[in-house]
Protein chains: 2
Amino acid sequence: MSVAVTIRDVARQAQVSVATVSRALTSPDLVRATTRERVLAVAADLGYQPNLAARGLITGKTGNIGIVVPDLNNPFFTGVLKGVQNQARMASHAVFVADSDEDPAAEEQLVRAMAKQVDGVILCSPGIDEQQVRELADATTLVLLNRRMRGVPAALMNSGSGMRQVVDHLVALGHHRIAFLNGPRTSWSNKERRRGLRIAVQRHDVDLVDMGPFPPRYEGGLQAADLAMAEKVTAIVAYNDIMALGVLARLRDRGVRVPEDVSLTGFDDLMFGALCQPPLTTVAMPVVPAGRLAVDLLLDRLANRDAEVRQDELDTQLIVRATTAPPA
Amino acid sequence: MSVAVTIRDVARQAQVSVATVSRALTSPDLVRATTRERVLAVAADLGYQPNLAARGLITGKTGNIGIVVPDLNNPFFTGVLKGVQNQARMASHAVFVADSDEDPAAEEQLVRAMAKQVDGVILCSPGIDEQQVRELADATTLVLLNRRMRGVPAALMNSGSGMRQVVDHLVALGHHRIAFLNGPRTSWSNKERRRGLRIAVQRHDVDLVDMGPFPPRYEGGLQAADLAMAEKVTAIVAYNDIMALGVLARLRDRGVRVPEDVSLTGFDDLMFGALCQPPLTTVAMPVVPAGRLAVDLLLDRLANRDAEVRQDELDTQLIVRATTAPPA
DNA sequence: ACCGTCATTGAAAACGTTTACTGTGTGTTT
DNA sequence: AAACACACAGTAAACGTTTTCAATGACGGT
């Protein structure tokens, strides 16, 4: 455990005042070149790293950003986290992460706890209610991810467009009766996907069977599969990949062939969709870019607090693999 | 954006000195009950939250812990992260996370950058070399995850025991010639798994074909599958689940049936191993508990710096699913 | 009545920075 | 030659806490 080297140590060894050291490091143009170099050399030599806490105390900026997600085991959120991490590093910011275990109450508390230690927080919370989000936006600088709300900056993914691509694809294959397996009704994502789907469907001659809600997990898919088959649909659009995998497993157990007997699509493009058999047709969500974008929006907002509120939308992309085909 | 309320505001409103407020919050028994209550009431009323940075400045403790992982997209590490997050929250610590993108150089730099802002860091770094880890251990309080090193606390998972269970299982099924597909040679995990395998194999009459190294990913499995089949083995033990999935896909494409023609095992028990077809026999790593344990070890060490170095080991568990069967 | 103990509080120093404010000297303009 | 601007560097105040030290008063024992 090496003892901490402070700005004072550097100052002494470089024969200057602490102010000069500080300036040499943070506003180089304020000190003469020769002095600056001497200071920097000493600093490097001693392995000096400024104490961010002390700096933050006076500047009011911590150089940290926070992100709270509902579940770190969900690849969707870790993708986002990866993007956040990455972009934050580029801007030499550190990242606080908190996992709420899908508990909206915890989410609110976590954001508040973070608020003191970060310049702003990125909130991935499909569940928490609008009123509370607004209060949080008051308490700290907030950026929402994959959720739109008036007056709050947001990094969005255009799932409507993804759903349109799905429908166009299925219709082109000749499907006329399609089931949608809803995820949680209250989730912003589900609303968006459902909305996109309905709009897309209206442009074609297609029956949409709106089913659920189901838990957005493997088990939800197992349960939904039989219900969907009973509706005599020729294609099933699942709320997300994990559910689709559940559907796939249940259909296989029942001897229903995919895509020969029924087509199936997922949403999110989690890695294992590509690895399973047959590989899953799905919509790729730009999660990592979205994480990046969220950081940009946050930093942007911090830089000039009274610019217009940006809500940027990233495009999604249909990935056609092997679970979709013309109906029998 | 609410203005920050400081300890001074509380002091003024409660008609006491700042010292008393501080005491009321951090060492309640030092102030008279009636005063304490008044202070606490005012604090709650104003929504006062102490500024951790300022506190840290004087106490030397930040109340934060850091974790650096090679890849946030790898479920193994996010499992650990989840455990860390969880346990840290219990101890009211916040968590810094950094993703090194598998770059050992970045890992070192990230740990150093974190060092100033955290009380200690948990390092999940199979790759970084021992000398550097030692230097880092000097710079901050370090706990290693899934890697053993003299003098450094570590949260370990007993992969040796997992490998023994795999071998016993395969031998019981009647296998005599088994391939092991190595992951990266330098990785501590690979060494451990390989060591466990070799020891287990010696107790039986079994030929072990030691192959690789292969990249520990899907593509590595694709590549390894053909090589392993050429060795006329009846069972393949892959370094991890992702590789095993690659093997599975390649074998299916070649028309080799699993488990009828060849048995296959993975390692890690990532979720999708259970979801694929056929479900993968593998070894479950207690990743979340390991994350928890790491936090405990870290906090322990911080509490009394000169206690003995703990290196605790968690048990692994063979999960028999459908990719293993008696040889043809 | 005096002394010592103890509980309770306040004043002020410290933590490691940044940043106004001040003070030098140098060069340029008149 | 005087005046002035300016580049550079130092002094000290601030940021929001915790903690040492000292002060006050109450109380019990002699």
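By convention in this document, chain letters (A, B, ...) are assigned in the order of the sequence lines, proteins followed by strands, and residues within each chain are numbered from 1.
- Mapping A:R23 and A:A53 onto DNA chain C via the closest heavy atom, the residue that lands nearer the 5' end is A:A53.
- Of the N and O atoms on the side chains of A:Q87 and A:D296, at least one donor lies less than 3.5 Å from an acceptor on the other residue.
- Closest to the side chain of B:T26, out of D:dT18, C:dT18, D:dG16, is D:dT18.
- Both A:I58 and A:R32 sit near DNA chain D, but only A:R32 has its closest nucleotide nearer the 5' end.
- Put simply, A:T20 has a side-chain N or O that comes within less than 4.0 Å of OP1 or OP2 on D:dG10.
- In this structure, A:Q15 atom CD and D:dA9 atom P are separated by 13 Å, rounded to whole Å.
- Taking atom CG of residue A:D29 and atom P of nucleotide D:dA9, one finds them 13 Å apart after rounding to whole Å.
- One interatomic measurement links the two molecules: CG of B:L30 to C1' of D:dT19, which rounds to 11 Å at whole-angstrom precision.
- The phosphate of C:dT9 (OP1 or OP2) has a side-chain N or O of B:T35 nearer than 4.0 angstrom.
- At a threshold of 4.5 Å between non-hydrogen side-chain atoms, the residues B:K116 and B:T62 do not count as touching.
- Between D:dA9, C:dT17, D:dT17, one nucleotide has an atom nearer to the side chain of B:T6 than all others, and that is D:dT17.
- Rounded to a whole Å, the CZ atom of A:R8 is 7 Å from the P atom of C:dG16.
- Taking atom CD1 on A:I7 and atom C1' on D:dA9, their separation rounds to 14 Å, with Å as the unit.
- Dashed line: the shortest gap from a side-chain N or O of A:S22 to OP1 or OP2 of C:dT18 is under 4.0 Å.
- A donor atom on one side chain and an acceptor atom on the other are not found under 3.5 Å apart for B:N73 and B:D99.
- Going from atom NZ of A:K61 over to atom P of D:dG16 covers 13 Å, rounded to whole Å.
- Per the geometry, CZ belonging to B:R12 stands 13 Å off C1' belonging to D:dG16, to the nearest Å.
- Per the geometry, CG belonging to B:L57 stands 17 Å off P belonging to D:dA14, to the nearest Å.
- Using modelled atom types, one finds a donor on one side chain and an acceptor on the other under 3.5 Å when comparing B:S189 with B:N146.
- Side-chain N/O atoms of A:N51 and B:Q117 include no donor and acceptor closer than 3.5 Å.
- Comparing atom distances between the A:A19 side chain and each of C:dG10, D:dG10, C:dT17 picks out D:dG10 as nearest.
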